[in-house]
There are 2 protein chains.
Amino acid sequence: MADVRPGGRTARVRASVLQATGDLLAEHGFAHLDLAEVARQAGVGRTTVYRRWGTTTALVTDLLVDMAEQSLRRTDAGSLLGDLCGNARLVQRTLSDPRQGALFKAIIAAATCDEQAAAALREFYRTRVAEWAPCVELAIERGEVPAGTDSHEVIRAVSAPLYYQLLITGQIPGEADADRAAEVVCLAARAGAFIG
Amino acid sequence: MADVRPGGRTARVRASVLQATGDLLAEHGFAHLDLAEVARQAGVGRTTVYRRWGTTTALVTDLLVDMAEQSLRRTDAGSLLGDLCGNARLVQRTLSDPRQGALFKAIIAAATCDEQAAAALREFYRTRVAEWAPCVELAIERGEVPAGTDSHEVIRAVSAPLYYQLLITGQIPGEADADRAAEVVCLAARAGAFIG
DNA sequence: CCTCTAACGGTATCGTGGTTCCGTTAGGAC
DNA sequence: GTCCTAACGGAACCACGATACCGTTAGAGG
């Protein structure tokens, strides 16, 4: 007797529901996300969605957990500017993709009003930032930036202007924006602005 | 006979409804904003709120328009770093205030799923950025930063990491964060990273 | 292959957010 | 002061999202 049944149908249902959730979030945004419509589009019963998730924020949270599992590997360009550019371009490509960009907007909106979603979001970025932080550590070893530089803060600083564009000015970030973000942070990091 | 009646009761109703909206947004977040509760707390009829605003996003949009009217004046410290610090501290104080911070989170959430709210948000920041951009122009005249530097982009870059903290990492920005944001941007601007 | 039960799905029901109706109030014009 | 009407407010109404119930399905163990 198994207490849980991870395989087969359950997994299929979760996959199709999360797929439908992503599609609908990208199309209508978080505020208009309707669990019944998710169920219809996923081809599962309404009851199932309400039972397993219950609220829109729980659904979004689970979607984020699912996305976090397929994190993107860091590249290594050999210089801090190259590495930060690589990271910035990756973020920029994600945010400028119509589906992914809308998805992130929706998830961030969900996080502003639900603690579980906010916690999932923090964990998601903690993982992603930790994946890229080593490129700053390497730069410290090379002597490119001063010792004591906060590697996580450097990575976050690269993403910040791209998210600012997406959420506040409403401009879709382009490659030039990504490169500028990387350059700004690289210059500041070399000058020791991220120590402490 | 007057077509519109701007004075007296109408204005009082708007003021108390917007006040209640701000309070409730700060307390419960955008997702749980209930027009009936707004009406109750504002001491006006439910019907009135539904008739004049109708949706939560319209209410938030109007609140933002109201807030935009009392924009904060720029200070002048005589150096780019000083001016950017002044701006960063101003933003930081706003975002770290419990009521205002929650309000901005709610407004940004509203903007992610409603075009009117997004337009109001863009206009709000366009105005605020334009208010502070002259400090970069002055720095150009002083020869502190190279000609051709995009003054608006510099101001936006100062705010970006503070908003990133508020929305994504969930940390309330402190004075040290504000000063770092200003320093990072100042260094990069001097090196010509914001040309074009 | 058979059993057992976790998980699914259709249907009926319930509650609450939103709308409509109509009488009341108050601010501007003269 | 009087009239006129824009705007407000209470109450009934409506619709739809959320829940509960219960029969059905399918995957894991023996």
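Every value quoted in this text rests on a predicted model; they were computed, and no experiment measured them. Naming: A, B, ... by sequence-line order, numbering from 1 per chain.
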Just checking A/F30 against B/F30, ring centres under 6.0 Å apart?
no
Rounded to whole Å, CZ of B/R9 lies from C1' of C/dA26 at a distance of 5 Å
For every nucleotide of nucleotides 12-20 of chain C, 5' to 3': is a protein heavy atom under 4.0 Å from its base (B), only from its sugar-phosphate (S), or from neither (-)?
B----SBBB
Which word best sums up how the rings of B/Y164 and A/Y163 line up, parallel for under 30°, tilted for 30 to 60°, or perpendicular for over 60°?
perpendicular
With heavy atoms under 4.0 Å as the rule, sort A/R51 into base, sugar-phosphate or nothing.
base
Report yes if at least one side-chain N or O of A/R52 is closer than 4.0 Å to OP1 or OP2 of C/dC8; otherwise report no.
yes
Determine, using the 4.5 Å side-chain heavy-atom cutoff (strictly less than), whether B/Y50 and B/L59 are members of one ILVMFWY cluster.
yes
Please determine whether salt bridge (charged side-chain N to carboxylate O under 4.0 Å, His left out) holds for the pair B/E123 and B/R126, giving the CA-CA distance in whole Å, both sets of side-chain angles, and the decisive distance to 0.1 Å.
CA-CA 5 Å; B/E123 175 58 21; B/R126 200 198 56 70; 3.1 Å; yes
Within less than 4.0 Å of OP1 or OP2 of C/dA7, is there a side-chain N or O belonging to A/T10?
no
Side-chain heavy atoms under 4.5 angstrom apart, residues restricted to Ile, Leu, Val, Met, Phe, Trp, Tyr: same cluster for B/I168 and B/L103?
yes
Side-chain donor-acceptor contact under 3.5 Å, B/T94 with B/Q100
no
